[in-house]
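This report concerns only the one structure given below.
Keep in mind that this is a model prediction, so the values were computed, not measured. Each chain gets a letter, A, B and so on, in the order the sequences are listed, and its residues count up from 1.
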Amino acid sequence: MASLEQLLDQRLAAAFSAVAGGPADPVLRRSQHADFQADGALTLGRRLGRPPRDLAAEVVRRARLEDLCARVEVAGPGFINLTVADQALGRLLSEVVEDVRLGVPQAAVRETVVVDYSAPNVAKEMHVGHLRSTVIGDAAVRLLEWLGHRVIRANHLGDWGTPFGMLIEHLLDIGEAEAAHELSVGDLDSFYRAARRKFDGDEGFRERARRRVVELQRGDPTTRRLWRLLVEESERYFLAVYQRLGVRLTGDDFVGESAYHDRIPEVLEDLERQGLLRESGGARCVFPSGFTNREGEPLPLIVQKADGGFGYAATDLAAIRHRTRDLGATRLLYVVGLPQRQHLEMVFEVAREAGWLQPPARAEHVGFGSVLGPDGRMLRSRAGTPVKLIDLLDEAVARARTVVAEKNPSLEEAAREEVARAVGIGAVKYADLSTDRVRDYVFDYGRMLSFDGNTAPYLQYAHARIRSIFRRGGGETPEVSGPVVVSEPAERALAIELLGLADVVDGVAESLEFHRLANYLYGLATTFTTFYERCPVLRAEAGTRRSRLALCDLTARTLALGLGLLGIPAPDRM
RNA sequence: GCCCCGCUAGCUCAGUGGACAGAGCAGCUGCCUUCUAAGCAGUAGGUCGGGGGUUCGAAUCCCUCGCGGGGCACCA
């Protein structure tokens, strides 16, 4: 099913091409002066050396838009203003209302997509940095899955490397039972800090830790067992956080750095065979083209360190190779903070040079900025330590609970708790997803939990309010099927907004700019309230009532779907 | 020194070459015997960081400067 905008674009493109004597973009977009406007004649004017107004007029004469538009006019220097016919809006909406996918088609090309996200470190607390990666990655997973792609969730757990020597030795010092307890109840930071403190201050401990790392990499059974204990207890804790957060990640999605360890030799062999490896300062490196260091010299990606160990570059390369060759992925998403931009670009470049990342396969850094406190600096607790993610979520839910109890005292206990969770967690996620992800954003409970403005509670309430229309009258289920008829300006505005979902979803699947979906939902909600303010629904005469109920129903379903794609629940009651 | 990101209303943010730059909050003015007030309508508020340039047209593209943040070989 083609969207309204696609239909207009196709028809106009045909006319533009005929006039231009070759392909020409109509440059169609929404307009303040009509429903849509096409600006293609202005750029075409220069190309053809003809007055844009004449071109626009000719396009209008040739374009076959009778079934879609009530008015097509040339304005100003050559804008083509399009007013969509009420009948066309009604016809398209009637189809969308009947469609479980709300007019959004499945992806034409079904890809295998690996989404690399969340990636906490074993025996370390999850903080706000993980919040962004987890929330954005979860939205990517939900959206791409819904479009029909095969999505592989990859939680690149930090479960390997030199810190594990000190962590295991510390575990032995305090005893397995105590360690398991600390880790499983989420006291990860104090565990890690205690280990770190001993490592920094005790030469004997430091030596034990070093030896332990060697044992771990050698595969010593006892060491491996202790390591598994650390990993499993940490995973248990992370899963509890994910459950609280309401994301799709499961225990099966942990693919830690250790999982790629055995594949690193192949990576080295492959690079060696292709002549990409060079020894530099004792380390084995690849020098991807286009990267220089402070002195303007080629910048290496260190695959094997001078001491023989492997760093994250080796792991990342092994992961790419595995994902494209073994998993058959054609799209690799890395939901990782912006500071790692250069590292990832280098890894991608090496993978391309090594032939592991060839079109149509490509890798994308889905980067994001920092979470800031009210002071405009990186969010920290009063003590100056990073804020624990779980504390952040608990606080949001607690505040939501207060607000919900205040606004709707009639809600029974269990329902209130459920709503508080949906609102609190939803607010945190929406605050993260509703601004351009490359920018930093200020974490502010008051603003994100406000029922005014572009927030989750506003959208959730808009949804619940519509649902309440259908509940009114003692469980009566109003008839929503039948033809949709639009005529009032507010009805038309809502109709056009509703028909825009497919194009927005399409764009976001490509750009992974979820704030565009968020802004769309907010615009839809405000357009709806205007409609509901001006157009009686339940009081309207039977035919109009049925049609308007269909608009209400479709709006609610669109809000619920859109929020759902962002990982945010939309309760029926609030 | 090189590279990346950001700078838009008092605050928080939209706006990926087109018509007078848009929301929300805060401010001001209205609107609850009529499905919705956790709402709606209106009003006020801008050197789009500065300066050049490209273009019929620039918040948007290019150059340059400023401010803030980040990265730049064995941590991830």
side-chain contact (heavy atoms from CB on, under 4.5 Å) with A:L82: which of A:V72, A:D35, A:V60? A:V72
Using a heavy-atom cut-off of under 4.0 Å over every strand shown, decide if A:R534 touches base, sugar-phosphate, or nothing. sugar-phosphate
Counting the atoms with a prime plus P, OP1 and OP2 as sugar-phosphate, which does A:P300 contact under 4.0 Å by heavy atoms, base, sugar-phosphate, or nothing? base
Atom CG of A:N81 to atom P of B:rA19: distance rounded to whole Å? 12 Å
A:C535 near the nucleic acid: base, sugar-phosphate alone, or nothing, with a heavy-atom cut-off under 4.0 Å? base
In chain order, what residues pass the side chain to side chain donor-acceptor pair (under 3.5 Å) check against A:Y260, with sequence neighbours excluded? A:R323
Under 4.0 Å between a side-chain N/O of A:T530 and OP1 or OP2 of B:rA41, yes or no? yes
Separation of B:rC25 atom P from A:L449 atom CG, nearest Å, is 16 Å
Taking the inter-plane angle between the rings of A:F254 and A:F238 on a 0 to 90° scale, is it parallel (under 30°), tilted (30 to 60°) or perpendicular (over 60°)? tilted
Determine the contact category for A:A540: base if any of its heavy atoms lies under 4.0 Å from a base atom, sugar-phosphate if only primed atoms, P, OP1 or OP2 are that close, otherwise nothing. nothing
From CG of A:L338 over to C1' of B:rG6, roughly how many Å is that when rounded to an integer? 10 Å
Quick check on contacts: within residues 457-468 of chain A, what sits under 4.0 Å from RNA chain B by heavy-atom distance? A:Y458, A:Y461, A:R465
Identify, between A:F79 and A:P339, the residue whose nearest nucleotide on RNA chain B lies closer to the 5' end. A:F79
Within 90° of 0 counts as syn, otherwise anti: where does B:rC32 fall? syn
Could you provide the dot-bracket string of RNA chain B, using ( ) for intrastrand pairs, [ ] for crossing pairs and | for bases paired to another strand, with Watson-Crick or G-U pairs below 3.5 Å? (((((((..((((....[...)))).(((((.......))))).....(((((..]....))))))))))))....
Parallel, tilted or perpendicular: rings of A:Y461 and A:F451 (30°, 60°): perpendicular
